[in-house]
Amino acid sequence: MPEIGFNVEALSRRFGEVVALDECTLNFSSGIIHGIIGPEGAGKTTLLRTLLGLLDVKSGTVAYSKDGKSTTLSEIRDDIAYMPETQSLYGDLSVEEHLLFFKDMYGMSNAEYNVRSKDLLALTRLEGFKDRPASKLSGGMYKKLGLMCALLRSPSAILLDEPTNGVDPISRREFWSLLYDLKKSTAITILMATAYMDEAERCMSVHLLANGRVIAEGEPRALLAQFQSPDFNTLFITKMKSLE
C-alpha cells in the first residue's frame with residue numbers, strides 16, 4: 001500500500017460573498033489519523049472536496065505525495081476514497097447487496113472481493129447483518145456500511161466528512177475503535193472531519209478550523225500543553241477570543 005500525503009498552501013475559496021477557506025496552510029502527512037475539527041461553516045467540507053478535485057483550486061496550491069515523492073491527483077485518484085456526510089446508500093438494498101454493487105463498480109475480481117468483504121464485515125462486526133436492508137440499520141451501522149463501501153477497494157487514503165455526526169455516543173466510540181483497528185493493520189492515511197471537539201484527542205494530528213481559517217495545528221497533547229488548555233473546547237474558545 002503506497003503512502004499518500006497532502007499539503008495545502010495559502011488555499012482560499014469563496015462562494016459569492018461567503019469565505020469558505022481563508023489562506024489555509026495545512027500539512028496532512030501520510031500514514032496517520034488527521035482530525036479536521038471545527039463547527040459548521042468552518043470550511044471542512046470545502047477543504048475535503050478541494051483535496052479530492054471536486055472543487056477547483058482558485059487561490060493557493062494543493063500538492064500530493066506518494067511514498068514521499070511529489071505526484072499528481074490524477075496519478076493517485078484510485079488510491080483515495082471519500083465518505084461524504086450525506087451518503088448515497090440505497091434503503092432497499094441489503095448490506096451484502098451494497099458490497100456487491102460496489103464490487104462491480106470498482107471492477108474487482110471475485111477472489112479479491114471475497115477476501116476483502118470478509119475482512120471488512122469482520123472489522124465492522126456486521127457479519128450477522130449481511131441480509132439486512134440499509135433502511136433497517138441503526139445510525140451507527142449505517143455509517144459502518146458507508147465506510148465499508150469506501151474501503152472495499154483497499155484505498156491508501158480515505159477522507160471522511162463528519163462520519164460520526166448524528167449518531168449516539170456509543171456508536172461514535174465504536175466508529176473510532178473501527179478506525180484504530182483499521183490503522184493497526186494498514187498504512188492508510190485518514191482525514192476525519194468532525195464538529196465534535198472531544199474527538200480531537202482521538203486523532204494523531206489535529207487541525208482546528210474556524211470561519212475558513214486554520215487556528216491551531218499539531219499533535220493533540222502537545223497543543224493542549226502549548227495553550228495550557230484542559231480540553232479542546234477550552235482551547236477553541238481561547239483561540240477564537242485571541243482572534244477577535
Side-chain angles (χ1 to χ4, degrees), residues 1-13 15 20-21 24-36 43-90 98-113 115-117 119-120 123-124 143-163 178-179 182-183 185-194 203-205 207 209:
M1 174 182 287
E3 295 188 355
I4 304 298
F6 308 85
N7 192 68
V8 173
E9 292 283 346
L11 186 65
S12 296
R13 180 77 190 207
F15 296 99
L21 295 173
C24 288
T25 295
L26 295 153
N27 178 50
F28 301 108
S29 55
S30 62
I32 67 173
I33 300 176
H34 294 270
I36 303 170
K44 303 186 297 296
T45 298
T46 300
L47 174 62
L48 292 182
R49 290 180 177 174
T50 303
L51 292 175
L52 290 160
L54 300 176
L55 292 173
D56 294 335
V57 176
K58 299 294 186 181
S59 177
T61 61
V62 177
Y64 305 88
S65 65
K66 182 176 182 177
D67 292 331
K69 298 179 180 179
S70 178
T71 187
T72 63
L73 177 59
S74 61
E75 292 176 344
I76 60 171
R77 192 179 298 278
D78 289 343
D79 294 312
I80 304 173
Y82 177 46
M83 182 176 165
E85 182 180 2
T86 303
Q87 300 175 65
S88 300
L89 302 180
Y90 302 94
H98 271 94
L99 293 176
L100 288 168
F101 172 81
F102 279 89
K103 165 190 174 287
D104 292 340
M105 188 172 72
Y106 295 147
M108 299 175 68
S109 67
N110 288 333
E112 182 185 8
Y113 169 78
V115 172
R116 188 62 177 161
S117 61
D119 288 345
L120 288 173
L123 180 70
T124 57
K143 297 283 188 177
K144 289 180 181 179
L145 174 57
L147 182 63
M148 273 201 300
C149 293
L151 291 172
L152 190 59
R153 62 175 175 176
S154 302
S156 298
I158 185 166
L159 280 57
L160 309 171
D161 194 355
E162 304 211 39
L178 191 161
L179 292 183
L182 174 68
K183 191 68 203 70
S185 59
T186 68
I188 192 170
T189 302
I190 300 173
L191 274 60
M192 166 91 166
T194 178
C203 304
M204 298 176 181
S205 182
H207 315 268
L209 269 64

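None of the values given here were measured: they were computed from a predicted structure. Along the sequence shown, the residues carry numbers beginning at 1.
One distance of note links CZ of Phe102 with CG of Leu151; it measures 11.5 Å at 0.5 Å rounding. Expressed to the nearest 0.5 Å, how far CG of Leu191 lies from SG of Cys203 amounts to 10.0 Å. Between atom OG of residue Ser30 and atom CE of residue Met1 there is a gap of 12.0 Å, rounded to the nearest 0.5 Å. Distance check: Glu85 CD to Thr194 OG1 gives 10.0 Å after rounding to the nearest 0.5 Å. Taking CG of Leu89 as the start and NE2 of His98 as the end, the distance is 4.5 Å to the nearest 0.5 Å. With rounding to the nearest 0.5 Å, the separation of NZ in Lys143 from CG in Leu178 is 13.5 Å.
Looking at every heavy atom in both residues, Met108 comes nearest to Leu152 through CE-O, 3.5 Å. Between Ile158 and Ala150 the shortest heavy-atom distance is CD1-CB, 3.8 Å. The two atoms that bring Gly60 and Val57 nearest to each other are O-CG1, 3.2 Å, heavy atoms only. For the residue pair Ile80 and Pro155, the shortest heavy atom distance occurs at C-CB, 4.3 Å. Across all non-hydrogen atoms, the minimal contact from Gly31 to Lys183 is O-CE, 2.5 Å. Minimum interatomic distance between Thr25 and Glu9 (heavy atoms only, all atoms of both residues): CG2-OE1, 3.6 Å.
A donor-acceptor contact shorter than 3.5 Å is absent between the side chain of Ser156 and the backbone of Glu3. Lys103 places no side-chain N or O within 3.5 Å of a backbone atom of Tyr106 that could act as its donor or acceptor partner.
Between Leu11 and Leu26, the closest side-chain pair of non-hydrogen atoms is not below 4.5 Å. Inter-residue side-chain proximity for Leu99 and Arg116 is flagged as unmet; no heavy-atom pair is nearer than 4.5 Å. Counting only heavy atoms from C-beta outward, the side chains of Asp56 and Arg13 approach each other to under 4.5 Å. Two residues are said to be in side-chain contact when any heavy atoms from C-beta on lie closer than 4.5 Å; Leu159 and Phe28 fail this criterion. At least one side-chain heavy atom of Leu160 sits less than 4.5 Å from a side-chain heavy atom of Leu179.
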Solution key, residues 44-52 side-chain donor-acceptor pairs under 3.5 Å, sequence neighbours excluded:
residue: Lys44; atom: NZ; partner: Gly38; partner atom: O; Å: 2.7
residue: Lys44; atom: NZ; partner: Pro39; partner atom: O; Å: 3.0
residue: Thr45; atom: OG1; partner: Asp161; partner atom: OD1; Å: 3.3
residue: Thr45; atom: OG1; partner: Asp161; partner atom: OD2; Å: 2.8
residue: Thr50; atom: OG1; partner: Thr46; partner atom: O; Å: 2.7

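Sorted by first and then second residue, the pairs that involve residues 57-73 and meet side chain to side chain donor-acceptor pair (under 3.5 Å), not counting sequence neighbours, are Thr71-Glu75, Thr72-Ser74.
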Carefully, step by step, assess Met83 and Cys149 under the rule side chain to side chain contact (heavy atoms under 4.5 Å, CB included).
CA-CA 9 Å; Met83 182 176 165; Cys149 293; over 6 Å; no
